[in-house]
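Please read the structure below before turning to the comments.
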There are 2 protein chains.
Amino acid sequence: MTRREDAAEATGGSTRERLLGATLRTVAEHGIAKVSARTVAAAAGVNQALVFYHFGSVEEMLAAACEQGARERVGRQREALEGVGSLTDLVHVARSVHAQERAAGNVALLGQLLAGAQSHPALAAPTAAGLELWVAEVERVLARLLEKTPLHGVVDVPGLARAVSASFVGLELYEAVDEKGAEAAMSSLEQLANLLSAVEELGPITDRAVRRRLRRTTSG
Amino acid sequence: MTRREDAAEATGGSTRERLLGATLRTVAEHGIAKVSARTVAAAAGVNQALVFYHFGSVEEMLAAACEQGARERVGRQREALEGVGSLTDLVHVARSVHAQERAAGNVALLGQLLAGAQSHPALAAPTAAGLELWVAEVERVLARLLEKTPLHGVVDVPGLARAVSASFVGLELYEAVDEKGAEAAMSSLEQLANLLSAVEELGPITDRAVRRRLRRTTSG
DNA sequence: GTCTATACATGGATAGAC
DNA sequence: GTCTATCCATGTATAGAC
């Protein structure tokens, strides 16, 4: 071992990359409140001063990590999302994505950043951008699913994608304080997806009824 | 003015109460990261050492504030929730609740605590308890709404109430970083509620179809 | 690019006077 | 119960040697 791999550091790569990785790990494992130049540098196995050399400030490092982390994780889940063929699938995939992200220590990363953005306004933009990456994926899936249903053209897909994404973040945060409750919540959403699938498959007669009803109640 | 009311302090009441109020205000306005014995005490217009005299630690003060804050705010919205008569109503009321809480500076309070619970495990229990107060209200409303629909007995109401509550928290956090996106999300949920209302009113024939379909797809 | 050393600020917490 | 004074830990940031 010529390379040193002493403590909890060194995933390989440049110092800059190690710091970004350590930032994400720290947020995921200990929450954004525990992110500091010292803790992150220690996790990366580098000197504290390098945070300021590479990023200028802790906040900017956090912003950079947010962007990179979201991009990487969305990429990792894209394939699974492409395979979604029904609303029931969507909830199943969501559950799987959640489990994987949790296993990877990424659960509630966006939640932490979302919460942190209130104290550090500079985080708002990169956090929104990070969430937007997920929104874009969800939007694509929803658009594909709804295309051949009576909901096509009736439901605001971009809005719904944002609602789904934000809700998912809320559920991730919730899980940290009440695992059983979160599990119950997930299950109930599966049931709801099944209900919507049922509606989808009721056929053209009820489709028309749904359409008519929707025209009557929606204003915008 | 015999009483002093110099800075941003003194809503009246005992020092203990002032500290609790100041804690909630600080969390709501600046995020949990800015909560410290010094900042809260300053906002309350009292001495910093009194935090430790009355609560023992900052964390315990936060926990106490969480419990009290959730209780008070749920109580303030209970009447509106009682008046909910349809799913469409529910989303409208949710929107109104959200707007009011935002105006009162309470937006994302639970989100902040949820996020903070990851760094301060002692916050998990009181935060879960605070959220549970909302869950209980939502659960009551949902149970009432679903009672007379084909969904009665099919959908897990406690689970759905948790999903709705957690999602709402996610939406509140989201709004802080992307107001327009959150608005779109809310609107799309209204549309979804309208869709469900439509299904509700399709009558007994489709009710049976929905029931049959649900029996086929749900395992638990 | 990376390290040591250091300054300066903020925050948790306690002791003791009033 | 409340205040002042104080200690100590942690964290941001910079200067300067290597």
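Numbered from 1 within each chain, the chains take letters A, B, ... in sequence-line order.
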What is the distance, to the nearest angstrom, from the [atom1] atom on [X] to the [atom2] atom on [N]?
| X | N | atom1 | atom2 | result |
| --- | --- | --- | --- | --- |
| B/L50 | D/dT4 | CG | P | 10 Å |
| A/H54 | D/dA13 | NE2 | P | 16 Å |
| A/K34 | C/dG11 | NZ | C1' | 12 Å |
| A/R18 | C/dG1 | CZ | P | 13 Å |
| B/Y53 | C/dG16 | OH | C1' | 15 Å |
| A/N47 | D/dG16 | CG | P | 17 Å |
| B/H120 | C/dG11 | NE2 | P | 13 Å |
| B/L62 | C/dG12 | CG | P | 10 Å |

If you check every side-chain atom of [X], which of [options] has the closest atom?
| X | options | result |
| --- | --- | --- |
| A/S57 | C/dT4, C/dG1, D/dA13 | D/dA13 |
| A/Q48 | D/dA13, C/dT2, C/dA13 | D/dA13 |
| B/R38 | D/dT6, C/dC3, D/dT2 | D/dT6 |
| A/T39 | C/dT2, D/dG11, C/dG12 | D/dG11 |
| A/A37 | C/dC3, D/dT12, D/dT2 | D/dT12 |
| B/F52 | D/dG11, C/dC3, C/dA13 | C/dA13 |

Rounded distance [0.5 Å steps], CZ in B/R95 versus CG in B/L171: 10.5 Å

Sugar-phosphate, base or nothing in reach of B/A49, heavy atoms under 4.0 Å: base

Sugar-phosphate only, base, or nothing, as touched by B/V51 at under 4.0 Å among non-hydrogen atoms: nothing

Minimum side-chain heavy-atom gap B/V35-B/Q112 below 4.5 Å: no

Heavy-atom donor-acceptor pair, B/S96 side chain to B/H92 backbone, under 3.5 Å: no

Polar side-chain atom of A/S165 near backbone of A/R162 as donor-acceptor pair, under 3.5 Å: no

Pair A/R140 + A/E82, salt bridge at N-O below 4.0 Å: yes

